[in-house]
Peer 1: 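The structure is given below, and queries will be raised subsequently.
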Number of protein chains: 2
Amino acid sequence: DLVERCLQHFQAGSALAGLKLLITAGPTREALDPVRYLSNHSSGKMGYAIAEAALAAGAEVTLITGPVNITAPSQAQTIAVCSALEMHHAAMSQAPEHDIFIACAAVADYRPETVADNKIKKNDDGLVVKMIKNPDILADIANSDPRPFCVGFAAETQDVAHYAKGKLNRKNLDLIAANDVAKAGQGFNTDNNALTVFSKTQQFDIAFASKADVAKQLLNIIHQQYNK
Amino acid sequence: DLVERCLQHFQAGSALAGLKLLITAGPTREALDPVRYLSNHSSGKMGYAIAEAALAAGAEVTLITGPVNITAPSQAQTIAVCSALEMHHAAMSQAPEHDIFIACAAVADYRPETVADNKIKKNDDGLVVKMIKNPDILADIANSDPRPFCVGFAAETQDVAHYAKGKLNRKNLDLIAANDVAKAGQGFNTDNNALTVFSKTQQFDIAFASKADVAKQLLNIIHQQYNK
């Protein structure tokens with residue numbers, strides 16, 4: 001029994017040994033002027049939980065993180081960024097060194113076309129903010145050569161499976177983990193989550209659980225698919 | 001000596017006894033859709049420091065706070081809000097019960113004209129966000145009758161004194177505290193600050209110091225002017 005538990009512990013702690021994982025987490029902030037920005041409700045908790053679980057399973061982890069209020073695992077190599085452009089730059093330069101890329105960050109799709117040097121003053125006419133598309137970090141890495149095994153996330157509020165599978169194919173991903181952030185208690189800034197993971201041919205359901213548990217199960221699926 | 005120190009302590013702890021202060025703090029978040037929002041870099045630290053200092057000086061404090069990551073003083077009556085409209089509603093209903101209103105929150109001047117029910121999907125054409133003006137909490141309270149003694153803040157990146165004095169007059173304030181958030185180490189999300197406080201006829205400089213110290217000095221100026 002003791003031997004078995006030691007063995008389990010040893011196996012659990014080394015399942016991902018020798019693998020280098022690149023994980024993005026948190027939101028990005030897109031400046032409008034020196035004080036204003038656009039962002040989203042990502043807390044970074046899911047990405048950080050994946051980083052923790054990967055480290056516990058023996059992987060080497062590089063964590064590229066947007067501005068969050070949680071502490072990064074000390075064993076991870078952490079790169080703090082703010083905007084989507086900064087995250088894109090960091091991820092593109094890190095990707096070739098890694099076996100698996102898990103894009104968990106909620107990267108802003110758009111940024112203001114121009115960033116004012118000084119605080120924009122109020123005027124009576126309202127304000128029109130013209131936004132342009134940010135580069136697609138996940139698609140750019142998935143379409144690079146050589147490329148790591150690529151895992152995306154799809155946080156949706158409707159037609160979750162439909163959008164997730166579309167993203168998997170369009171971006172040339174290996175796996176996509178979909179979650180319905182409109183459901184109470186899961187998704188952004190919560191401690192629990194539930195995911196449906198799609199490969200091009202398979203579907204895996206991870207039931208509602210703590211983000212730590214969900215992270216472990218997700219890594220098992222990723223590892224299994226990576227070894228195929 | 002002991003008697004004097006006790007006396008000082010007693011006086012320090014009761015300078016604002018009997019006064020009710022209403023303080024707003026932190027940023028607001030203006031939703032674009034269920035996941036995206038516009039916000040600003042306010043940390044809430046200055047407003048919370050003023051609340052702490054006011055409580056220590058014996059005042060009753062109501063703190064209306066936007067989303068921040070610091071803990072509100074337990075003795076304050078705290079009202080948590082998210083958007084500028086929510087803060088406006090809370091402040092307008094609280095103001096008549098208070099002697100002094102200190103508007104320290106960085107309220108979003110604009111909000112998106114429409115809030116999408118579901119996450120806005122990416123398309124190739126970029127995104128144009130039409131923004132409309134939020135109500136002006138400080139001006140609305142300063143122009144109500146009866147009105148509390150009104151103290152505004154002006155966080156600027158240029159022509160600080162010019163903009164601050166304009167705001168004082170335009171909004172019919174009693175005092176305005178101006179800070180240059182473009183200066184390193186002061187303003188948004190820092191632990192220190194420096195302020196220039198303007199009444200209609202006077203100017204007071206509060207030198208660079210911890211936000212706790214700056215809060216104490218600011219309350220002294222407010223108290224002095226309130227008693228005039």
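Below, chains carry the letters A, B, ... as their sequence lines are ordered, and counting in each starts from 1. It should be emphasised that the depicted structure is a prediction, and the values quoted were computed from it without experimental measurement.
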Peer 1: For residues 86-95 of chain A, give me every residue with a non-hydrogen atom less than 4.5 Å from any non-hydrogen atom of chain B.
Peer 2: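 No residue falls under the 4.5 Å cut-off.
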Peer 1: Within the 4.5 Å heavy-atom criterion, are B/V129 and A/M131 side-chain neighbours or not?
Peer 2: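 B/V129 vs A/M131: side chains touch.
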Peer 1: Look up atom CG in A/N40 and atom CZ in B/R29, then write down how far apart they are to the nearest 0.5 Å.
Peer 2: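 Here the interatomic distance stands at 9.5 Å.
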Peer 1: Let me know if B/D136 has heavy atoms under 4.5 Å from chain A in its side chain, its backbone, both or neither.
Peer 2: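 Contact with chain A involves the side chain of B/D136 alone.
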Peer 1: How would you list, in number order, the residues of residues 152-175 of chain B that have a heavy atom less than 4.5 Å from chain A?
Peer 2: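 At a heavy-atom separation under 4.5 Å, chain A is reached by B/A155, B/E156, B/T157, B/Q158, B/Y163, B/K171.
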Peer 1: Can you establish whether the number of heavy atoms outside B/K130 located under 6.0 Å from its atom NZ is more than 12?
Peer 2: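 Count not over threshold, so no.
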Peer 1: Which residue out of B/I120, B/V35, B/D117 racks up the most heavy-atom pairs below 4.5 Å with chain A?
Peer 2: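 If we count pairs closer than 4.5 Å to chain A, B/V35 comes out on top.
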Peer 1: Specify which of B/D33, B/N118, B/L32 makes the most heavy-atom pairs with chain A at under 4.5 Å.
Peer 2: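 Option with the greatest count: B/N118.
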Peer 1: Does the side chain of B/L38 come within less than 4.5 Å of A/R36's, by heavy atoms?
Peer 2: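 Answer no - side chains too far apart.
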Peer 1: Spell out the residues in residues 66-85 of chain B that have some non-hydrogen atom less than 4.5 Å away from a non-hydrogen atom of chain A, in order of number; otherwise answer 'none'.
Peer 2: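 B/N69, listed by number.
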Peer 1: According to salt bridge (charged side-chain N to carboxylate O under 4.0 Å, His left out), who are the partners of A/R111, at least two apart in sequence or on a separate chain?
Peer 2: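 With sequence neighbours excluded, A/R111 shows a salt bridge (charged side-chain N to carboxylate O under 4.0 Å, His left out) to no residue whatsoever.
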